[in-house]
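No hydrogens, no waters, no symmetry mates; every other heavy atom, side chains included, goes into these values.
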Amino acid sequence: MVYIDLLKYRDFMVSSLLVEAFVVLAIVVLSKKIQRGRKVPSQKKRLPSSVSIGRNKEGKRFLNFKSLRFVGDASALIPGQESVLDEIAETILSPDFSGRNFNIIGHTCFTGRLCDEEFSKKLSLERAETIASELFRRNVPKKRVSCVGKGYSEPLVENPVTNEQAAMNRRVEIVVDE
């Protein structure tokens, strides 16, 4: 007959269970560390929600964003548009556009004293420069940005009737220089 010392068997079982529990715990901890250290396949960074890419009449890519509104016949932005400027800067600085330059094109509407072509071109250039300076404040390198003023020569709305239609012509466009 086989004699088993129950006390020794109990001690053996408890120590075995402790060793097993320790091993399982070690495996769980190590697997979590490995998962944290594992690189996730890089996903292409999505553009901010209010910025998209379009093509103009010449086929050049441009940033399409919620309109930045300007005060009537001035180059000052209407307050409260910081989030749009932040998203434009984020897009320009994204890996999708690394090494690309941008041409900021200012426009005016054909109303009031803006009917003077010289004044209109000067104002549209100032609007482009206003946006450029805001982007520089957001760490966009100056060497990647140029500014042009087109005046009222390229309206989105011909013969605007309402203030909203005229405001659509007071705009900037940001074209990717490829």
Side-chain angles (χ1 to χ4, degrees), residues 39-178:
K39 289 192 176 184
V40 178
S42 66
Q43 297 175 354
K44 197 170 189 180
K45 187 176 178 188
R46 296 184 62 209
L47 294 176
S49 60
S50 67
V51 179
S52 62
I53 307 299
R55 295 237 178 236
N56 64 11
K57 295 174 190 171
E58 295 85 33
K60 291 186 176 184
R61 288 192 306 167
F62 70 95
L63 301 184
N64 189 12
F65 47 88
K66 289 189 283 186
S67 181
L68 293 169
R69 299 287 183 192
F70 292 92
V71 176
D73 60 353
S75 62
L77 283 166
I78 293 174
Q81 301 181 86
E82 289 76 18
S83 64
V84 177
L85 292 162
D86 291 343
E87 290 182 352
I88 293 169
E90 182 182 337
T91 301
I92 289 173
L93 295 170
S94 74
D96 294 340
F97 294 103
S98 65
R100 299 275 187 230
N101 294 327
F102 295 85
N103 197 9
I104 302 175
I105 304 168
H107 298 273
T108 62
C109 61
F110 187 75
T111 59
R113 65 185 187 146
L114 297 175
C115 294
D116 176 8
E117 189 175 353
E118 186 177 319
F119 178 80
S120 181
K121 283 198 174 201
K122 180 178 180 260
L123 177 60
S124 62
L125 178 59
E126 289 172 359
R127 286 180 175 167
E129 290 170 343
T130 295
I131 300 305
S133 70
E134 287 295 325
L135 294 176
F136 300 153
R137 285 187 40 230
R138 289 165 172 80
N139 299 319
V140 172
K142 290 182 180 184
K143 66 182 180 182
R144 294 182 61 196
V145 175
S146 63
C147 297
V148 175
K150 295 274 184 144
Y152 53 75
S153 64
E154 297 177 7
L156 289 178
V157 178
E158 295 284 339
N159 303 316
V161 178
T162 66
N163 285 337
E164 290 79 23
Q165 290 174 331
M168 289 175 67
N169 291 335
R170 294 190 295 266
R171 70 190 192 283
V172 293
E173 296 170 338
I174 302 177
V175 178
V176 182
D177 193 16
E178 301 190 74

Can any side-chain N or O of R137 pair as donor or acceptor with the backbone N or O of S133 at less than 3.5 Å? no
Carefully, step by step, assess T108 and F119 under the rule side-chain contact (heavy atoms from CB on, under 4.5 Å). CA-CA 10 Å; T108 62; F119 178 80; over 6 Å; no
Heavy-atom closest pair, residues A128 and C147: O-SG, 3.7 Å
Heavy atoms of C109 and A166 approach each other most closely as CB-O, 3.5 Å
Output yes when a side-chain donor or acceptor of N169 lies under 3.5 Å from a complementary backbone atom of V157, and no otherwise. yes
Heavy-atom closest contact (R138 atom, A89 atom, distance): CB-CB, 3.6 Å
Atom pair CD1/CG of I131 and L77 - distance to nearest 0.5 Å: 4.5 Å
side-chain contact (heavy atoms from CB on, under 4.5 Å) between E90 and D86, worked out: CA-CA 6 Å; E90 182 182 337; D86 291 343; over 6 Å; no
Less than 4.0 Å between a side-chain N and a carboxylate O, is that true for K122 and E118? no
To the nearest 0.5 angstrom, please state how far the CD1 atom of I104 sits from the CG atom of L125. 10.5 Å
Can you name the nearest heavy-atom pair linking N103 to S146, along with the distance? OD1-OG, 3.0 Å
Enter the distance from T130:OG1 to F70:CZ here, rounded to the nearest 0.5 Å. 6.0 Å
Among residues at least two apart in sequence or on other chains, which ones pass side chain to side chain contact (heavy atoms under 4.5 Å, CB included) with F62? N56, N64, V175
Under the salt bridge (charged side-chain N to carboxylate O under 4.0 Å, His left out) rule, collect the residues that match up with K150, sequence neighbours excluded. E154
From I88 atom CD1 to I174 atom CD1, the distance as rounded to the nearest 0.5 Å: 4.5 Å
How far apart are the closest heavy atoms of R61 and F97, and which atoms are they? NH2-CE2, 3.7 Å
Distance, nearest 0.5 Å, that separates CG of L93 from CG of L135: 8.5 Å
For H107, which of R170, E173, R127 qualifies under side chain to side chain donor-acceptor pair (under 3.5 Å)? E173
Identify the two heavy atoms, one from M168 and one from L156, that lie closest to each other, and give their separation to 0.1 Å. O-CD1, 3.5 Å
Under a 3.5 Å distance rule, please check whether S120 uses its side chain to pair with a backbone N or O of E117 as donor and acceptor. no
Under 3.5 Å donor-acceptor, Q81 side chain and I78 backbone: yes
So does D177 get a backbone contact from the side chain of R100, meaning a donor-acceptor N/O pair under 3.5 Å? no
